[in-house]
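Notes to accompany the following structure.
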Amino acid sequence: MKIKQIEIKDFGSIYRQTIAFSPDMNVLYTEKERTRREIQAFIESMLFGRTDVPYAGVLWFESGGRNYRLTRDLHREEPYSELLCEESGELLDADHISEEKMALGISEAVYENAICISPLKGNTGAEIVREVQKQMTGFQTTGDCSVDLGKTSQRIKMTRKGYQVQVERRKKADQLAKEKISAQIKSIRREIRDTEDQKNQLGEQEDALRMNEESNGYHLLDERIGALETRNQAQIAGMCVTAFLALAGALLLALEAGSTIPAVLVGISGILAFIAELNFEMRTVRELEKRKRMKSRWITRQNKLEGGRSSLDEELREKNMELSNLTEELREMEEYAYLPLMEEVEIDALNLAMDTIDKLSEQMYRQTGNRLVRTMSETLSGITGGTCHELMVDDEFHISVDTGKEVLPIENLRLIMVEQIYLAMRLAAGELLCGAEKLPVIFDEMFCAFDPERLKAAVLWLTGSSGRQVIISTSKKQELDVLQKTGISVNEISL
């Protein structure tokens, strides 16, 4: 694949800008870093249909021996995309590129790893070495330098640990809840037994009340009260008769006999008899009141016992209902205890993810590991002019270099040599990831640390061996001067 021309109608701060590229070496020179960044972002946005910012433009490129024109305009109300094969006039699905993030088989990951190459980030040599080691590990195990499996695995383990802590807390809380419910069940059962004992005692008291000989029972009290009331009525009637007879006798004796003494004696006798009868009647009334009070106390006690028993029955119903609810809740908790928690499901998923990562890493390493190292060695030897004979990577992905005189670990190399190893790694990854399709490579200020001799050696190798279109984006006039002195045909693009 080679980029032939771009027409930026509107992208960021760039308007109406057309840039033509040669199929070999191109140097895009501008002192404005923003312009360089926007041109690179425009190419990526056009290829993969980014929609986060509005833009419009055209990209002409060649792929597989055919020429294409890709047009996009996101300023319209309905975003417009068109991919035209200029040889056949066939319109391809440009929207499919946007949705799948694939441009003619090129994914965004391939673009970031193999097409667009920027300098290493790091303030010190040690940081730069660590970055190279990290990217080497990413390429060897995932084919993507941006993926750090070590950090990924560590994050997964930390996440899994968090879920494990949650599971332990949940299980501990569930166990405490079950113990609490079990204690409540035991307490309610004791209360039910105590309430049933109280109910039985009340029943015994009711039976004793009915059979008490002293009171002779409720019906016996009614009979005695009835008899006393009858006796009282008879006594009252007798008192009335006695009073009437005494009065009548005294009057008759006084009128017929003409003597008051017998009449007085009869009257006194009648009074004495009346008093005696009154005394008996009062005793009968007192006995009647006593029996009525006994009946009232019996009824009150009976009602109290019945009320107490009803209250106990209601209390028993409530406690049995509460016991049933707690027993059902405990049963459900015990049943759910056999079901996996959501956190346990997440832990299983994380374990599966870690196993999958390990297997995929091993598979990727078997497929690309040795090829990547061989290609890196060839590339490193080429861009260093044969200074580095061979690059070696051990099982821990630690990098060493054979200079022909000695084997040096990457930590003992000069920083410029580390930069060359990094460049070789990215170019080798591009060879492996791109396959038969030679993709362009865009260097963004990649050669800032290279001296003229190293820059010349790298460029000569790129133009003579790789067969890939090269676009060097730089703000350093020195790089352009060095390239022009090599005698290599350079397409200079100054903005």
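- Taking every heavy atom of both residues into account, Glu82 and Leu91 meet most closely at CG-CD2, 3.4 Å.
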Next on the checklist: Before you tell me yes or no, could you show the steps for Arg37 and Glu33 under salt bridge (Lys or Arg N to Asp or Glu O under 4.0 Å), namely the whole-Å CA-CA distance, both residues' side-chain angles and the distance that decides it to 0.1 Å?
Outcome noted: CA-CA 6 Å; Arg37 300 290 186 189; Glu33 181 180 358; 3.3 Å; yes
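- For the pair Thr195 (side chain) and Glu191 (backbone), a donor-acceptor distance under 3.5 Å is present.
- Note that CD of Gln420 is 10.5 Å distant from CG of Leu415, once rounded to the nearest 0.5 Å.
- Side-chain N or O atoms of Glu38 include one that pairs as donor or acceptor with a backbone N or O of Ser13 at under 3.5 Å.
- In terms of heavy atoms, Val53 sits closest to Leu74 at O-CD2, 3.8 Å.
- Here the NZ atom belonging to Lys180 is positioned 13.5 Å from the CG atom belonging to Leu330, to the nearest 0.5 angstrom.
- Contact detail for Cys116 and Gln40: the closest heavy-atom pair is SG-OE1, 3.7 Å.
- Shown here are the ring-ring contact (aromatic ring centres under 6.0 Å, His included) partners of Tyr55, two or more places apart in sequence or in another chain: Phe11.
- Side-chain contact between Glu179 and Gln175 is present, with at least one heavy-atom pair separated by less than 4.5 Å.
- The line from CZ of Arg189 to CG of Asp194 is 14.5 Å long, rounded to the nearest 0.5 Å.
- Taking CG from Asn412 and CD from Glu406, the interatomic distance works out to 9.0 Å, rounded to the nearest 0.5 Å.
- Scanning all heavy atoms of the two residues, the minimum distance from Arg72 to Gly49 falls at CZ-CA, 3.5 Å.
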Checklist entry - Where do Arg331 and Glu328 land on the salt bridge (Lys or Arg N to Asp or Glu O under 4.0 Å) test, with the steps shown first? => result CA-CA 5 Å; Arg331 184 187 64 78; Glu328 180 65 20; 2.2 Å; yes
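- Contact between Ser400 and Pro409 at its shortest, heavy atoms only, is OG-CA, 3.8 Å.
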Checklist entry - Should Leu316 and Ile192 be marked as a side-chain contact (heavy atoms from CB on, under 4.5 Å) after you check the CA-CA gap, both sets of side-chain angles, and the distance that decides it? => result CA-CA 6 Å; Leu316 280 174; Ile192 288 175; 3.9 Å; yes
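- Ser475 and Glu445 share a side-chain donor-acceptor pair at under 3.5 Å.
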Item to check | Evaluation steps, side-chain contact (heavy atoms from CB on, under 4.5 Å), between Ile3 and Leu59 | outcome: CA-CA 8 Å; Ile3 300 173; Leu59 171 67; 3.7 Å; yes
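- Counting heavy atoms from C-beta on, the side chains of Met1 and Gln469 never come closer than 4.5 Å.
- Between Met46 and Ile43 the shortest side-chain heavy-atom distance does not fall below 4.5 Å.
- A donor atom on one side chain and an acceptor atom on the other are not found under 3.5 Å apart for Glu78 and Tyr80.
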Checklist entry - Should Tyr15 and Ile8 be marked as a side-chain contact (heavy atoms from CB on, under 4.5 Å) after you check the CA-CA gap, both sets of side-chain angles, and the distance that decides it? => result CA-CA 6 Å; Tyr15 297 92; Ile8 305 176; over 6 Å; no
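- Rounding to the nearest 0.5 Å gives a distance of 6.0 Å between CG of Leu70 and CZ of Phe61.
- With Asn200 contributing its side chain and Glu196 its backbone, the two residues share a donor-acceptor pair below 3.5 Å.
- Residues Ile185 and Leu323 have side chains in contact (heavy-atom distance under 4.5 Å, counting atoms from C-beta outward).
- You'll find the side chain of Ser63 reaches within 4.5 Å of the side chain of Tyr68, heavy atoms only.
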Next on the checklist: Go through it in stages, so that I can follow the logic: the residues are Val441 and Ile117, the test is side-chain contact (heavy atoms from CB on, under 4.5 Å), and I'd like the CA-CA distance, side-chain angles, deciding distance and then a yes or no.
Outcome noted: CA-CA 7 Å; Val441 57; Ile117 302 178; 3.5 Å; yes
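- One finds the CG atom of Leu176 at 11.5 Å from the CD1 atom of Ile181 (value rounded to the nearest 0.5 Å).
- Using a 4.5 Å cut-off on side-chain heavy atoms (C-beta onward), Val470 and Ile442 make no contact.
- Around the CE atom of Met282, the shell of radius 6.0 Å holds no more than 12 heavy atoms that belong to other residues, nucleotides or ligands.
- For the salt bridge (charged side-chain N to carboxylate O under 4.0 Å, His left out) condition, the pairs that include at least one residue of residues 165-178, sequence neighbours left out, are Arg170-Glu343, Lys171-Glu344.
- Residues satisfying the salt bridge (charged side-chain N to carboxylate O under 4.0 Å, His left out) criterion with Asp402, sequence neighbours excluded, are absent altogether.
- Two residues are said to be in side-chain contact when any heavy atoms from C-beta on lie closer than 4.5 Å; Val58 and Arg69 meet this criterion.
- Considering Thr474, Thr30, Asp444 in turn, Asp444 is the only one that fulfils the side chain to side chain donor-acceptor pair (under 3.5 Å) rule with Arg36.
- Using a 4.5 Å cut-off on side-chain heavy atoms (C-beta onward), Lys161 and Gln164 make contact.
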